[in-house]
Amino acid sequence: MRTRYCGLLGEKDLDTQVTVCGWVAHRREHGEHLAFLDVRDHTGIVQCVVDGALEARTEWVVCVTGMLRRRPAGTENDSLGTGTVELTECTLVVLSAAQPPPFPVEDRIEADEALRMRYRFVDLRRPRMQRNLRLRSKVLESLRMSMVERGFCEVETPLLWTPTPEGAREFVVPSRLRRGECYVLPQSPQIAKQLLMVSGMDRYFQVARCLRDEDLRADRQFEFTQLDMEASFVNAEDIRRIVADMVQRAISCVTGSHPDPVSTITWKESMDRFGTDKPDLRSPMELIDLTQCFAATEAKALSGPCVKALVVKGSGGAGQVGISRNTLDGLVEHARKLGGKGLAWFRVKDETPGSVELDSPLAKFLSTDEQDGMIRACNVSAGDTVLVVSDAWRVACEVMGGIRALLLSGVAGQKPANGPGTGADGTGEDTVQGRNMSLVWVIDFPLFDGVDDAGNLVSAHHPFTMPHPDDIGLLDSDPTSVRSLAYDLVLNGWELGSGSIRIHDPQVQRRIFSALGLSDEDAASRFGFLLDAFRYGVPPHGGFAIGVDRLVALLAGESSIRNVIAFPKTQTGYDPLTGAPKEVSPAIMAELGMSFRGVRQGTG
RNA sequence: GGUCCUGUAGUGCAGCCUGGAGUGCACGUCGGCCUGUCAAGCCGAAGGUCGCGGGUUCAAAUCCCGUCAGGACCGCCA
């Protein structure tokens with residue numbers, strides 16, 4: 001039927017007869033003898049010159065056969081890839097008429113997202129969404145190729161699975177044949193892939209669907225995709241090298257330019273310098289430690305065990321006053337939301353020639369030495385603003401990290417950065433080319449993440465994460481300072497994925513379970529099948545999982561992963577296209593031996 | 001469970017703060033004109049439960065309360 005794609009036609013095809021198929025993007029009528037039809041397929045648009053009497057309206061599906069000619073001089077269109085040519089002497093076959101679309105099939109108009117989901121089949125026709133889905137396919141292809149070339153074997157693991165020790169709420173699937181019992185959908189193939197290592201698969205990977213029944217966000221959907229991998233007889237560096245190569249190759253495959261080498265930072269250093277375990281390194285802005293400076297201060301607001309500061313540079317001109325009071329008030333409020341007691345601020349002024357002074361409600365509580373010390377440590381000059389938090393180390397870091405992220409997102413006149421909650425403005429003009437990609441490994445995470453209500457330690461990663469060999473001795477004496485062989489890959493402030501070396505030594509595993517407050521019986525009942533498997537010869541192993549949705553969203557310049565997923569759900573887990581979730585028939589419920597109590601919550 | 005933003009014609013918006021007739025703009029749709037446009041142009045027409053419910057008021061798109069839907073975020077997501 002078709003001999004060419006619309007958007008690929010060019011001067012090389014001049015004076016040949018071609019047939020294109022697609023949707024009518026625009027129709028421009030010039031009376032009964034002339035009309036222009038822009039025919040669109042996924043490659044682009046070509047102009048067809050047709051008789052004005054031919055009926056073909058917007059979004060009708062047509063097949064046009066004609067001669068490709070150079071456009072008459074002066075009628076070329078620079079903004080169209082095929083703008084120097086057009087199809088003439090056309091015969092047009094209408095393959096399908098169409099109602100007017102519920103919203104324009106153009107990137108220019110940003111339709112309501114619920115409406116886009118209701119008519120997702122039309123939404124996906126838009127060039128931006130076509131580009132996103134095809135970019136996703138290219139990324140997956142590249143990732144798969146990297147895995148296969150390195151000897152990884154693709155294995156599919158069950159979707160109907162069993163509860164596992166990970167932390168997320170699971171989707172439950174009632175069993176018909178075993179009435180009263182349920183499967184759960186896997187949050188990740190974690191346990192299955194470790195079993196595959198016991199099986200001698202050596203190197204496994206999978207483009208795995210993962211399901212978690214947790215609240216949705218711009219970067220979270222119930223179902224999401226991981227490039228999941230696991231390898232035997234490797235150390236953490238081996239895994240990181242494989243993953244970094246794979247991700248860099250995927251990035252360069254869609255951007256055309258090779259990203260910078262992946263830097264590495266320890267979790268402790270990342271918290272100290274950037275106030276987060278997923279630092280966005282595209283900005284040089286770092287936290288400054290002022291703990292020493294205020295070690296003996298009279299100012300109660302700055303007398304905490306740790307003092308962290310950020311400097312917001314002014315534009316350097318004379319008479320600068322720094323950040324406005326309004327913006328500062330917003331930052332203070334944000335600091336409280338982040339768990340801080342508040343946020344101190346100091347605006348640097350130079351009202352007296354040759355020296356600077358600090359404009360702040362707190363200035364009068366600071367000694368001259370403390371003021372000078374802060375000015376020196378922060379290397380500030382007139383027009384700059386210093387933001388300071390004093391609290392326990394972790395709180396101080398996290399609050400300032402949150403403030404840093406807010407500043408980088410464009411508050412206080414800072415340059416906007418692409419990342420969570422920011423980025424693409426929906427115009428589709430934000431292209432992949434030249435996008436700055438900053439990849440960083442965060443390593444040496446703490447093995448435990450605090451203590452739960454019952455006084456038991458809580459795994460930071462999962463209970464099979466190997467403790468750092470240098471810290472095994474601290475397991476009993478100082479467990480919260482034990483590091484693990486877990487590592488995260490961070491891209492522009494987004495956690496792209498995480499992995500670890502797993503425990504394969506039953507002695508170590510028992511000590512970890514005990515620290516987590518798990519008895520042998522508890523462990524056996526929750527994941528006994530894995531521990532059982534480990535008794536039959538388990539190789540040392542470790543792995544990683546890459547969040548494909550987030551990777552693609554970052555590469556596409558999208559601030560929501562919904563724009564790189566064909567059929568996503570709304571924030572309340574509703575699918576406006578299909579109406580899911582829905583009630584099921586009484587017959588099905590009866591077969592499952594189930595009934596619902598009380599009224600239905602959703603409204604459909 | 002919570003905080004915030006949004007809801008007005010098929011679509012995107014303005015009107016709301018400061019109450020006075022469904023008030024307006026652009027696109028689209030339908031009809032007419034038009035032989036070189038390309039976000040075509042010109043003329044005309046149709047198209048509205050101002051999300052829904054209640055309250056205040058002589059009078060509510062506008063103010064108040066509730067509710068539903070969408071979105072951002074917190075909690076949650078090892």
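Treat the numbers as computed from the prediction; the structure is a model and nothing was measured. Per chain, numbering begins at 1; letters A, B, ... match sequence-line order.
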TODO: Mind calculating the distance between CZ (A/R108) and P (B/C38) to the nearest angstrom?
DONE: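 Rounded to whole Å, this separation is 13 Å.
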- [ ] Give one of base, sugar-phosphate or nothing for A/D449, where a contact means two heavy atoms less than 4.0 Å apart.
- [x]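 No contact.
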TODO: Round to a whole Å and report the spacing from CD of A/E32 to P of B/U37.
DONE: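 So the two atoms are 19 Å apart, to the nearest Å.
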Task: Watson-Crick/G-U partner (both atom distances under 3.5 Å) of B/G7 - done: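 Pairing partner, where one exists within any strand: B/C68.
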Task: Pair A/W441 + A/F544: ring centers closer than 6.0 Å - done: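 For A/W441 and A/F544, the ring centres are under 6.0 Å apart.
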Open item on the list: What contact category does A/R562 fall into here, base, sugar-phosphate, or nothing, at under 4.0 angstrom with non-hydrogen atoms?
Closed with: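 Since only primed, P, OP1 and OP2 atoms lie under 4.0 Å of A/R562, the category is sugar-phosphate.
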Task: NZ or CZ of A/R240 within 45° of A/Y487 ring axis and under 6.0 Å - done: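 Yes - A/R240 lies over the ring of A/Y487, closer than 6.0 Å to its centre and within 45° of its axis.
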Open item on the list: How many whole angstroms separate atom CD of A/Q99 from atom P of B/U11?
Closed with: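 Answer to the nearest Å: 14 Å.
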TODO: Look at A/R217 and B/C74 and indicate whether a side-chain polar atom (N or O) is within less than 4.0 Å of OP1 or OP2.
DONE: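 Yes, A/R217 has a side-chain N/O under 4.0 Å of OP1/OP2 on B/C74.
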Task: Minimal non-hydrogen separation, A/Q226 against A/P189, with atom names - done: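 That closest heavy-atom pairing would be OE1-CD, 4.5 Å.
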Task: Nucleotide of B/C77, B/G71, B/G75 approaching A/R212 most closely (side-chain heavy atoms) - done: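 Nearest listed nucleotide: B/C77.
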Task: Rounded distance in Å between the P positions of B/U3 and B/G48 - done: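 Pairwise P distance, B/U3 against B/G48, rounds to 37 Å.
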Open item on the list: I'd like the C1' distance from B/G10 over to B/C73, given in whole Å.
Closed with: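 These two C1' atoms come out 32 Å apart once rounded.
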TODO: Please find out if less than 6.0 Å separates the ring center of A/F36 from that of A/H30.
DONE: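 Distance test on ring centres: under 6.0 Å, yes.
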TODO: Quick one: label A/E113 by what it contacts on the DNA or RNA (base, sugar-phosphate, nothing), any heavy atom closer than 4.0 Å.
DONE: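 Sugar-phosphate, backbone atoms only, no base.
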Open item on the list: Looking at B/U56, which nucleotide sits across from it as a Watson-Crick or G-U wobble partner, both distances under 3.5 angstrom, or is there none?
Closed with: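 B/U56 is paired with nothing.
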Open item on the list: Only pairs with both distances under 3.5 Å count, Watson-Crick or wobble alike; so what is the partner of B/C42 in this structure?
Closed with: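 With both distances under 3.5 Å, B/C42 matches B/G32.
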Open item on the list: Just N and O in the side chain of A/H26: are any of them under 4.0 Å from OP1 or OP2 of B/A39?
Closed with: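 No, A/H26 has no side-chain N/O under 4.0 Å of OP1/OP2 on B/A39.
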Task: A/I109 side chain, from C-beta outward: closest of B/C76, B/G12, B/G71 - done: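 The nucleotide sitting nearest to the side chain is B/G12.
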TODO: Could you check which of B/A72, B/G36, B/G1 has an atom nearest any side-chain atom of A/D215?
DONE: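 Of B/A72, B/G36, B/G1, B/G1 is nearest to the side chain of A/D215.
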Open item on the list: I'd like the P distance from B/C30 over to B/A14, given in whole Å.
Closed with: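 Approximately 27 Å lies between the P atom of B/A14 and that of B/C30.
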Open item on the list: Rounded to whole Å, please give me the gap between NZ in A/K337 and P in B/C74.
Closed with: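 Result: 10 Å.
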Task: Base partner of B/C50, which must satisfy Watson-Crick or wobble distances under 3.5 Å - done: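 The answer is none; no pair meets the criterion.
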Open item on the list: Assuming nearest nucleotide by heavy-atom distance, tell me which of A/L34 and A/P102 is located more 5' along RNA chain B.
Closed with: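 Between the two, 5'-proximity favours A/P102.
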TODO: Using a 4.0 Å heavy-atom cut-off across all strands, classify A/P104 as base, sugar-phosphate, or nothing.
DONE: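 Contact class for A/P104: sugar-phosphate only.
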Open item on the list: Taking pairing as Watson-Crick or G-U wobble with both contacts under 3.5 Å, can you name the mate of B/G19, or confirm there isn't one?
Closed with: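 B/G19 is unpaired by these criteria.
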- [ ] Would you kindly give the CD-to-P distance between A/E29 and B/C33, to the nearest whole Å?
- [x]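 Those two atoms, CD and P, are 10 Å apart.
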- [ ] Name the closest nucleotide to the A/N77 side chain, picking from B/C76, B/C38, B/G71.
- [x]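 The closest nucleotide is B/C38.
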TODO: Please check the phosphate of B/C30 (OP1 and OP2 only) for any side-chain N or O of A/R57 closer than 4.0 Å.
DONE: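 Yes, such a contact exists.
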- [ ] Please answer whether the main-chain N or O of A/V442 pairs with a side-chain N or O of A/D488 as donor and acceptor at a distance below 3.5 Å.
- [x]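 Judged by distance alone, no pair lies under 3.5 Å.
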Task: Short side-chain N/O contact from A/T58 to OP1 or OP2 of B/U29, under 4.0 Å - done: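 A/T58 to B/U29 OP1/OP2: side-chain N or O found under 4.0 Å.
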Open item on the list: Please report the distance, rounded to the nearest Å, between CD in A/E110 and P in B/U6.
Closed with: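 For the pair A/E110 CD and B/U6 P, the rounded distance is 18 Å.
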Open item on the list: Check the phosphate of B/G70 against A/T572, side-chain N and O only, distance under 4.0 Å to OP1 or OP2. Yes or no?
Closed with: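 Checking B/G70 against A/T572, a side-chain N or O does come within under 4.0 Å of OP1 or OP2.
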Open item on the list: Using the P atom as the point on both nucleotides, what is the distance between B/G20 and B/A61, in whole Å?
Closed with: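 Between the two P atoms, the distance is 9 Å.
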Task: Pairing partner of B/G24 (Watson-Crick or G-U wobble, both distances under 3.5 Å) - done: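 Result: B/C13.
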- [ ] State which of B/C77, B/A72, B/C38 makes the closest approach to the side chain of A/E214.
- [x]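 It is B/C77.
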Task: Separation of atom CG in A/L216 from atom C1' in B/A69, rounded to whole Å - done: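 These atoms are roughly 15 Å apart.
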Open item on the list: Closer than 4.0 angstrom, basic N to acidic O: yes or no for A/R40 and A/E59?
Closed with: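 The answer is yes: the pair qualifies as a salt bridge.
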Open item on the list: Given B/G36, B/G12, B/G70, identify the nucleotide with an atom nearest to the side chain of A/E86.
Closed with: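 So the nucleotide nearest the side chain must be B/G36.
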Open item on the list: Looking at A/A486, is its backbone amide N or carbonyl O close enough to the side chain of A/S500 to form a donor-acceptor pair, meaning the two atoms are under 3.5 Å apart?
Closed with: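 Checked: no pair found.
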Open item on the list: Is the base of B/U11 stacked against the aromatic ring of A/F103, taking ring centres under 5.5 Å apart and planes under 30° as the test?
Closed with: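 No, A/F103 does not stack on the base of B/U11.
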Open item on the list: Here's a test of your reading of the structure: between A/R28 and A/L115, which maps to the more 5' nucleotide of RNA chain B?
Closed with: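 Per heavy-atom nearest nucleotide, the more 5' residue is A/L115.
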TODO: Determine the Euclidean distance between corresponding C1' atoms of B/C77 and B/G19; express it in Å to zero decimal places.
DONE: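 So the two C1' atoms sit 46 Å from each other.
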Open item on the list: Looking at A/T75, I'd like to know whether one of its side-chain N or O atoms comes within less than 4.0 Å of OP1 or OP2 on B/U37.
Closed with: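 No, A/T75 has no side-chain N/O under 4.0 Å of OP1/OP2 on B/U37.
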Task: Passing option when A/R69 is tested against A/E86, A/E11, A/E89 for salt bridge (charged side-chain N to carboxylate O under 4.0 Å, His left out) - done: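 Only match with A/R69 under salt bridge (charged side-chain N to carboxylate O under 4.0 Å, His left out): A/E89.
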Open item on the list: Taking 4.0 Å as the cut-off, does a side-chain nitrogen or oxygen of A/Q47 come that near to OP1 or OP2 on B/U37?
Closed with: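 Result: no.
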Task: A/R116 side chain near B/G12 phosphate (N/O to OP1/OP2, under 4.0 Å) - done: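 Indeed not, no polar side-chain atom of A/R116 lies that close.
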- [ ] Report the nucleotide, chosen from B/C76, B/C73, B/A39, that has the shortest atom-to-atom distance to any side-chain atom of A/R220.
- [x]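 Selected nucleotide: B/C76.
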Open item on the list: Work out how far the P atom of B/C4 is from that of B/A46, and round it to whole angstrom.
Closed with: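 Result for the P pair: 44 Å, nearest Å.
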Open item on the list: Ring-plane angle category for A/F464 and A/H462, please: parallel below 30°, perpendicular beyond 60°, tilted otherwise.
Closed with: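 Because their plane-to-plane angle lies in the 30° to 60° range, the rings of A/F464 and A/H462 count as tilted.
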- [ ] Please state how far atom CD in A/E106 lies from atom P in B/G10, giving the value in whole angstrom units.
- [x]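 Whole-Å distance recorded here is 19 Å.
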Open item on the list: For the C1' atoms, the ones on B/G36 and on B/U11, what distance do you get once it is rounded to whole angstrom?
Closed with: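 Approximately 29 Å lies between the C1' atom of B/G36 and that of B/U11.
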Open item on the list: Rounding to an integer number of angstrom, what distance separates B/C63 and B/G7 when you compare their P atoms?
Closed with: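 Result for the P pair: 11 Å, nearest Å.
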